[in-house]
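Take a look at the structure set out below.
Numbering of ligands and ligand atoms starts at 1, following listing order.
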Amino acid sequence: MSKKILVLPGDGIGPEIIAEAVKVLEAVRDTHGVDITLEQDDLGGAAYDRYGSPLADETLARARAADAVLLGAVGGPQWDSIDPALRPERGLLKIRSQLGLFANLRPALLYPQLASASSLKPEVVAGLDILIVRELTGGIYFGSPRGNEVRADGKRFAYDTLPYSEDEIARIARVGFEMARVRNGKLCSVDKANVLASSQLWRAVVNEIATDYPDVEVSHMYVDNAAMQLVRAPKQFDVIVTDNMFGDILSDQASMLTGSIGMLPSASLDANNKGMYEPCHGSAPDIAGRGIANPLATILSAAMLLRYSLGRGDAADAIEAAVGKVLDAGLRTADIALPGEKVVGTAEMGDAVVRALKVA
Ligand code: NAD
């Protein structure tokens, strides 16, 4: 039966990079017989302009009915001054929480061809292949009470709450263990258990779940040390599992080890492996409309979609191999080019991946 994919280009460079990922998905229909139907709708600023809301009810219904969602990026300066409740990013947070996408997978994989684009020495990062599993629907970004007020003494005061239930921790820990099991068998849980009560529960629950995975070597690290180790010796990590805020920060840090945020895909999964797939970067308004954005993070997100939500690891492997071939051939978008390297545009890069896929 045909699988339905809802495509949400979003704002800024979103439509440009999504067009290339769509070309690649259409190509695997032919090369791998992947039976997919693509539908398109708006999210973020584009949805605000069209529907008056960054996530229209009808779009959410389409997302619920789809087998997977492929997203470009949302946001841009033209929506910075609108009602905060209607800002593009609200649409993104809402679709993630409404679809129950609690597990965010962010691989930080350094293509050997790009080792010299990393800000770290090539010998520190060559062969880097980390997967960060971030809890996405709980913790301090969603906790209540939260607020700000002016106290009796006239001073402003603001507060947030960092809550986690044992069930929320257990389900993300299981995702981390399952991923480690099919990779190199090492899971590092990152917390701040020396200070935070929520982290003490986090560590206890991870240790309880570990008894179901005797084949996975589990370790624990405080988040401050993890931030340091990620730049000191990043190859010590295989899978990292962590909470929403720590994962937000560490995954951006890990992304820079690979040279460009334009290379990094992500997946956000629910309990049944239905997911939303998107590049880690934003809508890059500074380069939107110029045809120079790197589409590879979005193309690699489409590969993750095929692997995790459609069970087509074969087609995903082929797309990842095609990206490797294109890099081998020396094609670079501006963000990953070194001085003297030939620079190609967004569409040229997408077309090259499609060609590499077809000759495989
Ligand atoms: P950004 O990731 O959009 O851009 C940061 C820098 O990286 C920019 O210089 C940009 O040109 C460059 N860049 C990003 N993607 C690139 C690509 N594919 N190819 C080449 N260069 C690329 O982050 P920002 O500038 O902080 O945010 C811009 C907008 O995006 C804001 O409105 C922000 O809220 C939004 N945003 C959205 C998401 C999302 O949709 N998931 C994530 C982060 C930021």
Side-chain angles (χ1 to χ4, degrees), residues 7-21 24 42-49 54-55 59 63 69-82 84 86-97 99 101 104-106 111 114 117 119 134 136-137 141 244-245 247-249 251-256 258-268 275-302 304 323 326-327 331-338 341 343-350 353:
V7 178
L8 301 171
D11 310 317
I13 59 169
E16 299 163 55
I17 53 180
I18 278 287
E20 304 313 310
V24 171
D42 288 314
L43 182 77
Y48 173 79
D49 290 346
L55 173 63
T59 311
V69 178
L70 181 66
L71 167 68
V74 301
Q78 59 272 55
W79 300 286
D80 276 354
S81 52
I82 64 174
L86 297 175
R87 289 200 35 178
E89 295 76 8
R90 287 303 181 99
L92 189 57
L93 290 179
K94 188 172 169 194
I95 196 169
R96 284 177 181 159
S97 67
L99 295 181
L101 305 176
N104 184 222
L105 312 187
R106 287 183 56 165
Y111 278 85
L114 302 180
S119 50
R134 166 189 170 195
L136 201 59
T137 52
Y141 294 172
N244 200 344
M245 180 166 61
D248 189 5
I249 298 165
S251 58
D252 265 22
Q253 187 187 350
S255 74
M256 269 300 105
T258 70
S260 170
I261 200 156
M263 293 298 299
L264 293 171
S266 79
S268 305
M276 186 162 83
Y277 299 81
E278 53 183 310
C280 291
H281 58 73
S283 57
D286 53 333
I287 58 167
R290 292 168 53 195
I292 61 170
N294 185 346
L296 294 178
T298 316
I299 289 172
L300 293 167
S301 300
M304 290 183 89
V323 168
V326 164
L327 294 175
L331 272 79
R332 303 282 187 271
T333 41
D335 57 309
I336 52 173
L338 294 175
E341 284 183 326
V343 172
V344 299
T346 311
E348 205 178 329
M349 184 61 105
V353 174

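With no hydrogens or angles considered, a side-chain donor-acceptor pair links Asp49 and Trp79 at under 3.5 Å.
Distance from atom 35 (C) of ligand 1 to its nearest protein heavy atom, with residue and atom name: Val74 O, 3.1 Å. In terms of protein heavy atoms, atom 34 (O) of ligand 1 is closest to Glu89 OE2, 2.6 Å.
Applying the side chain to side chain contact (heavy atoms under 4.5 Å, CB included) criterion to Ala347, with sequence neighbours excluded, gives Glu20, Lys23. For Leu86, the side chain to side chain contact (heavy atoms under 4.5 Å, CB included) test picks out Tyr48, Pro54, Ile82, Asp83, with sequence neighbours left out.
The residues Glu89 and Lys94 are annotated as not salt-bridged, no charged nitrogen and carboxylate oxygen being separated by less than 4.0 angstrom. Between Arg106 and Asp252 there is a salt bridge, since at least one side-chain N of the basic residue sits less than 4.0 Å from a carboxylate O of the acidic one.
There is a protein heavy atom less than 4.0 angstrom from atom 15 (N) of ligand 1. Taking a distance limit of 4.0 Å, we find that atom 39 (C) of ligand 1 is approached by some protein heavy atom. For atom 8 (C) of ligand 1, the nearest protein heavy atom lies under 4.0 Å away. Atom 25 (O) of ligand 1 is not flagged as protein-proximal [any protein heavy atom, distance under 4.0 Å].
Both the backbone and the side chain of Asn294 come within 4.0 Å of ligand 1, judged by heavy-atom distances. Contact annotation: for Leu92 versus ligand 1, heavy atoms closer than 4.0 Å belong to the side chain alone. Neither the backbone nor the side chain of Pro279 has a heavy atom within less than 4.0 Å of ligand 1. Contact annotation for Asp335 and ligand 1: only side-chain heavy atoms (C-beta onward) come within less than 4.0 Å of the ligand. Using a 4.0 Å cut-off between heavy atoms, Ile13 contacts ligand 1 through its side chain alone, with no backbone atom that close.
Judged by distance alone, the side chain of Asn104 and the main-chain N or O of Arg134 form no donor-acceptor pair under 3.5 Å.
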